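Worth saying up front: this structure is predicted, and the values here are computed from it rather than measured. Per chain, numbering begins at 1; letters A, B, ... match sequence-line order. Basis for what follows: all heavy atoms, side chains included, without hydrogens, waters or symmetry-related copies.
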Amino acid sequence: MTTALHSPAAAGSVLAGTAPAGTVLADTAPADAAPGPDAASPAPVTMAAALNRALAESLAADERVVVFGEDVATLGGVFRVTDGLAARFGPARVFDTPLAESGIVGTAIGMAMNGLVPVVEMQFDAFAYPAFEQVTSHLAKLRNRTRGRVSLPVVVRVPFGGGIGGVEHHSDSSEAYYAHTPGLRVVSPGTPADAYRLLRQSIECPDPVIFLEPKRRYWGKETVALTTDGPPIEQALIRRPGTNVTLIAYGGMVSTAVEAAEAAAGEGWDVEVVDLRSLSPLDEATLTESVRRTGRAVVVHEAQGFAGYGAEIAARLTEQCFYHLEAPVLRVTGLDIPYPPPYLEHFHLPSVDRILDAIASLEWE
Amino acid sequence: MTTALHSPAAAGSVLAGTAPAGTVLADTAPADAAPGPDAASPAPVTMAAALNRALAESLAADERVVVFGEDVATLGGVFRVTDGLAARFGPARVFDTPLAESGIVGTAIGMAMNGLVPVVEMQFDAFAYPAFEQVTSHLAKLRNRTRGRVSLPVVVRVPFGGGIGGVEHHSDSSEAYYAHTPGLRVVSPGTPADAYRLLRQSIECPDPVIFLEPKRRYWGKETVALTTDGPPIEQALIRRPGTNVTLIAYGGMVSTAVEAAEAAAGEGWDVEVVDLRSLSPLDEATLTESVRRTGRAVVVHEAQGFAGYGAEIAARLTEQCFYHLEAPVLRVTGLDIPYPPPYLEHFHLPSVDRILDAIASLEWE
Amino acid sequence: MTLLADTFPSASRQTAQPGDPGLAATPLRLIDADGHPGADPGRLELPPAPVLRELHRRMVLGRSFDVQATALAKQGRLAVYPSSRGQDACQVGAVLALRDQDWLFPTYRDSVAILTRGVDAPEALALLRGDWHCGYDPYQYRVAPHCTPLATSALHAVGFAHAATLKGEDLVALAMLGDGATSEGDTHEALNFAAVWKAPVVFLVQNNGYAISVPLAKQTAAPSLAAKGIGYGMPALLIDGNDAAAVYAAVRAGVERAASGAGPLLIEAVTYRAEPHTNADDDTRYRDRAEVAAWRARDPIARLAAYLSARGLLDEAGSAGLAEEAQRLAASVRERLSHDVSVDPGELFDHVYARPTAALRRQRAALLAEVADTEPGEDAR
Amino acid sequence: MTLLADTFPSASRQTAQPGDPGLAATPLRLIDADGHPGADPGRLELPPAPVLRELHRRMVLGRSFDVQATALAKQGRLAVYPSSRGQDACQVGAVLALRDQDWLFPTYRDSVAILTRGVDAPEALALLRGDWHCGYDPYQYRVAPHCTPLATSALHAVGFAHAATLKGEDLVALAMLGDGATSEGDTHEALNFAAVWKAPVVFLVQNNGYAISVPLAKQTAAPSLAAKGIGYGMPALLIDGNDAAAVYAAVRAGVERAASGAGPLLIEAVTYRAEPHTNADDDTRYRDRAEVAAWRARDPIARLAAYLSARGLLDEAGSAGLAEEAQRLAASVRERLSHDVSVDPGELFDHVYARPTAALRRQRAALLAEVADTEPGEDAR
Ligand SMILES: Cc1ncc(C[n+]2csc(CCOP(=O)(O)OP(=O)(O)O)c2C)c(N)n1
Ligand SMILES: Cc1ncc(C[n+]2csc(CCOP(=O)(O)OP(=O)(O)O)c2C)c(N)n1
Ligand SMILES: [Mg+2]
Ligand SMILES: [Mg+2]
């Protein structure tokens, strides 16, 4: 079967590390990206700009913070998240490295052992895999190895997920690999305000944090005051209260989930949306409280479903809320295939329709 | 709190790649390891010897098969699984490589592209992580990348799991990382007969296979005829029929599960034990048929529970058997901690008692 | 102890060491930037006239293709395009030096190399257009699938080539790498395995000065990338990558050497990326316009054309004919890539395993049902 | 083209290149195998007499510790023990060359180095005994945690040292590596980052000829491991690793150089592992007894003792006193490691995160309840 698509691959598609051209790029212009005189007053801000502000303010607040990786200094990062930082903080605080991800994470570990607070960037999700041994065997385990004597306050920023028309290896969702590794925190923001708050909190956190930035939301705007006030790093948030079903999402799927909840309202379902924010550790209390109340749950993520992170949510909720459940916890996820090429990615990604279909199948008798 | 242990670390403990000393080592003597004249007639055989025989017979049967890795030739592998193969098949078929796991998997991919059937060894589970990018981004994806034109019949053998008194990084259970990666098959034998059959089937399989060998069972014996006849690679097996509860295990936990089932019989529970054998793809049919029949399920694995493979089993069984379940599917897993040092590992590992406790909590009204 | 600084080789040594071509500061060239014969380095053989003419012809065609692809990317007809412009001599020279049975292992930047190897243009561009990951049959063209993870395919090339040795095949693999990619651990492992195994591989590093925005000086402190050969016991050549004759001669020498069983060769070709990293990159952020202009003036095509013209090997009629051929190629690329893309969602499930699993068959059926439900022409949301 | 073989450096070149110590075929030595002064290489300074005596003393103590640990492993009191025997000069020489503020990044084989740095014996052996992963406080001794993944800690050393530069601290990191470990991608990345950053690191490769069973010839085709420095723009020294004076002088030179801001140094120390890979290894499978015997005869301690005795720096009384000190050390190690091990299962949860998560607190409580339920002295099944 053949489907003709009448539009080329999504605008703003990228390969191998460059910000989308055209209008979206304008959002990352220094004027927008640089922290304004009053960072806390509400103004329209993109997630990329919010992250940039979080980095700038962390660098300013704590001289132990260093930012490094591939193309983060002169270029300002392929998504411009580090734009202007090298100019402002100089080459001892913000610098480019040779092209070697294991080297980046490995040296970040050494720097943290010697008292710095490294915030490193993996250029894309799939390009973090060369660093997997350093992340899994050392970043995650050194505190435990040394009975707590070595603390590694390292943040590994990973632009992750799809929906941007990227060619192969530019759209992976790798959260399950990290969430299964004890010793790591895994965090993913769904909104600009949370991107700012969570990144600042991650930099302050004494544990290593894998910070998953949903690429497809980099350019989405929110009019909001950026502040570290608010929920702590490991707390889930109810984005939309509801009574009939709990819809659980994180990162790039939060907006999709909220959209689905609005659409579901039209069809008579009052959907509660929980934004996990912290994938590991998991805020079980917020989650189980919600599901015990609603009696139904759907978890959404872009990653392949099989042995994906959603399985943990489903298994855990079932263990803890079994007698409150009216129907099994369902998962709306990516297909069990390698991430597709740009023209086919929309077939893979969870959509509002698929979420509505899942909700509809929750035994409403 | 302090617990005094009156025995030193488990006998047969190993570091950094050497077979256990002493009596257990005797099991790997060439006489035992080498294929006998009549491989199919029942004789006591260890899992290590069964694997050795599978390799030897695959090498003999198919000249495209090559076996390589660290210390696999002259030494015969740190667990002696490749013992005698280099002498028998020569350096063009069985050879040692430089010490570089990404190099081993990466060159295996190239060899497979050029028509060979590489069977490579990662010396221990945690030492496969340097190859993670090659496994995830290439081994798993090249067939799909090329619309099926490139086939990679590569087997990556990984001695995995704990229970052998190994020091840090010698006892990881990494199945969840692989099972979540589409394009890979993940297989783990629980018995010598299955080790032989599954390894031969894996070598014949056109898909890449991550072959997880439970270290703690290398020296366990079974009196059995080794044959490729029997269930195909992706079929789960009912190791012990039962009516009250389905106990699901794989690899090193199969024997533990069977032991628990026997113990449970004494307490009045008739436990069915399903040995998954193939973790990906999963034989859902066997599993759901069993659970629909018994109405209760417990899944067991050594790996950390959080976002572990057992979550997939629990989530999937709940989705598919919700109205047959008398109680939530429970998981008996390792703790959510880095694998402990030898003196503490028994606190981490699933035990018969913990399995019995889980069964006892399955709402027997 | 105070003598130390003198006895250690300086980290920034740039002087030539006789017998150590890998360390030579002056890249070998056969035809210099003005189209005159290069000072004869005594190591490389000038290719015969028909080869030189073919090198020129293929560069002109490759350039035309590259310009057209860049335009298509700007129009949104390609998801992205990393241009080969400026590296024409490397990509064409290297590919023409291969024998039929040899294999090319290209990177994402090597579209012109892939085209020159005979891959049909739409197939060569599928990855970058976005209809599939790799658009061509690797076995048909003896071109390994290109993709974006850096340095990983160098190991595939080594394994492929070593398998040829084990099977007794006469075949050499050409592994392409960028300067930035040499920093990855996989490059190290590939060079090492190749040298230990004496695998028939030629490594060609196109040193175009940058890895996206990062200049070579932040990538390595080595006197040259060719100098890395010494640490692997691998011979190396440092050549002028804008001299198609030198690239051809060096790669051909490497192929012959490797085919003879003498093992791998590392070639560093010094060149320049005339365009931004991709159409979506803004290279004004990290490089001087003067630097770009200076390198654009050292155009590899003009250089070879000057040489050929001066020797009567290229006349105006020939040039005009070639220009027309190039235009025809561009037009055909434009036309064939301006059609709407047809994709088959069912195919998403077909190649994950040799045979789709039960779960994939279920997911396939569900997706096709969903697509059938959707109005024609309307995207699944 | 036919000239090619002549102009490429031979892959197996073994001859010294003046000015290229990394390529030298003859390792530098200050004291030769018979205890006579080595031919003065003019590059390393013989350490003063008190240092030579201390090198000897620490080697004797280290050997005694090593022999005792090997015995404890055979008795099952350690989970495993990878012996340092034969590499005594490398481990003692390197550590004594460090200044107080410097950091040691050891591997699993470097127990004698760790001991020599001052770590208390039971702490140094915790990993290998099996009561915890790393038994000592890295900050107390300025010794990074040892562990088994190869080459990974070289990157930690580079990061640690570069942080010192960024913070303006005068501190050098010594990264220990085995010959086999040089094949890993992480070694490449560590050498490269160090050279680009001019990080104050000394890399010491203990080339003991084997990676478990794999001999160096299957590990690399390079003329020497020191030759790898060239490809990173990093100076290198090839030294006799059984000459404690040479090891001390080379590492000290590297430390001073690095501390001066001149960047990293790579040292290859040629030595030999006198014991099997670990107590559980059977080295008769892969190496000749004659080879082992020949190397055992080249004992680093005997060599230095001969030199010292001939110069009146070590007499019989001194030797006897030292022997007694060594015995006391061994006895104390034996005694302190023959006690039953006390472990606290609750600690399993304490260091996974800075503060245990709610889930870990629940798991901790459940485990402690389970342990309390178990009869005293009976293991949890
Ligand atoms: C493993 C990996 N890390 C990062 C990237 C992102 N990336 C794509 S191209 C590029 C620069 C590559 O530079 P170079 O090797 O010099 O090749 P060039 O683009 O100059 O041809 C980077 C960092 C990648 N593709 N793969
Ligand atoms: C990444 C990794 N791969 C494999 C191993 C298993 N292993 C432990 S020691 C060893 C040999 C190391 O040889 P070398 O670096 O020469 O050090 P030596 O043991 O000789 O001191 C191997 C292969 C490991 N520890 N880490
Ligand atoms: Mg480049
Ligand atoms: Mg060694």
Exercise. Could you tell me which portion of B:Ala108 (side chain, backbone, both or neither) has an atom closer than 4.5 angstrom to a non-hydrogen atom of chain C?
Key: neither
Quiz item: Checking C:Asp350 against chain B: side chain, backbone, both or neither under 4.5 Å from a heavy atom?
Solution: neither
Quiz item: Which bit of B:Glu284 is near chain C, if near means a heavy-atom gap under 4.5 Å: side chain, backbone, both or neither?
Solution: side chain
Quiz prompt | Contact summary for B:Gly103 and C:Phe193, nearest pair of heavy atoms | solution = C-CZ, 3.7 Å
Quiz item: Of all heavy-atom pairs between C:Ala354 and B:Asp207, which one has the smallest distance, and what is that distance?
Solution: N-OD1, 2.7 Å
Exercise. Heavy-atom distances under 4.5 Å only: say whether C:Gln140 touches chain B with side chain, backbone, both or neither.
Key: neither
Practice problem: Test C:Phe349 against B:Asn144 for side-chain contact (heavy atoms from CB on, under 4.5 Å), laying out the working first. | Solution: CA-CA 9 Å; C:Phe349 307 90; B:Asn144 185 65; over 6 Å; no
Self-check item: Structural part of C:Val196 lying under 4.5 Å from a heavy atom of chain B
Solution: side chain
Practice problem: Could you check which of C:Trp103, C:Phe105, C:Tyr136, C:Phe160 has the highest count of heavy-atom pairs closer than 4.5 Å to chain B? | Solution: C:Phe160
Quiz item: Who among C:Ala194, C:Ala199, C:Ala161, C:Cys147 has the most heavy-atom pairs with chain B under 4.5 Å?
Solution: C:Cys147
Quiz item: Could you go step by step and tell me if B:Leu116 and C:Lys167 meet the side-chain contact (heavy atoms from CB on, under 4.5 Å) rule?
Solution: CA-CA 9 Å; B:Leu116 297 184; C:Lys167 292 159 72 184; 3.8 Å; yes
Quiz item: In terms of heavy-atom proximity below 4.5 Å to chain B, should C:Tyr353 be classed as side chain, backbone, both, or neither?
Solution: both
Quiz item: Side chain of C:Tyr139, backbone of B:Met113: donor and acceptor closer than 3.5 Å?
Solution: yes
Exercise. Report the distance from atom CD1 of B:Ile109 to atom CG of C:Leu155, rounding to the nearest 0.5 Å.
Key: 8.5 Å
Quiz item: Backbone N or O of C:Val352 within a donor-acceptor pair of the B:Lys141 side chain at under 3.5 Å?
Solution: no
Quiz item: Side chain, backbone, both or neither: which part of B:Leu142 has a non-hydrogen atom closer than 4.5 Å to chain C?
Solution: side chain
Quiz item: Side chain, backbone, both or neither: which part of C:Leu360 has a non-hydrogen atom closer than 4.5 Å to chain B?
Solution: neither
Practice problem: Give a yes or no on whether the backbone of C:Ala163 and the side-chain of B:Asn114 come within a donor-acceptor separation of less than 3.5 Å. | Solution: no
Quiz item: Quick one: of C:Leu348, C:Asp137, C:Val158, who has the most non-hydrogen atom pairs under 4.5 Å with chain B?
Solution: C:Asp137
Quiz prompt | Step-by-step side-chain contact (heavy atoms from CB on, under 4.5 Å) determination, C:Trp197 to B:Thr97 | solution = CA-CA 9 Å; C:Trp197 287 347; B:Thr97 64; 4.0 Å; yes
Quiz item: Going from NE2 on C:His351 to CZ on B:Arg143, what distance comes out if it is rounded to the nearest 0.5 angstrom?
Solution: 9.5 Å
Quiz item: Side chain, backbone, both or neither: which part of B:Arg185 has a heavy atom under 4.5 Å from chain C?
Solution: both
Quiz item: Which one of B:Val66, B:Asp283, B:Ile104 has the most heavy-atom pairs closer than 4.5 Å to chain C?
Solution: B:Ile104
Quiz item: Between CZ of B:Arg149 and SG of C:Cys134, what distance do you get to the nearest 0.5 Å?
Solution: 7.5 Å
Quiz prompt | C:Thr165 side, atom OG1; B:Met111 side, atom CE - distance, nearest 0.5 Å | solution = 9.5 Å
Quiz item: At their closest point, which heavy atom of C:Pro145 faces which heavy atom of B:Arg145, and how far apart are they?
Solution: CB-CD, 4.0 Å
Exercise. Could you look at C:Ala164 and say if it's the side chain, the backbone, both or neither that has a heavy atom under 4.5 Å from chain B?
Key: both
Self-check item: Point-to-point distance, once rounded to the nearest 0.5 Å, from CZ of B:Phe68 to CG of C:Leu166
Solution: 9.0 Å
Quiz item: Between B:His138, B:Gln134, B:Glu133, which is the residue that forms a side-chain hydrogen bond (donor to acceptor under 3.5 Å, both in side chains) with C:Thr152?
Solution: B:His138
Quiz item: Any idea which of B:Gly148, B:Ser151, B:Pro153, B:Pro281 has the most non-hydrogen atom pairs under 4.5 angstrom with chain C?
Solution: B:Gly148
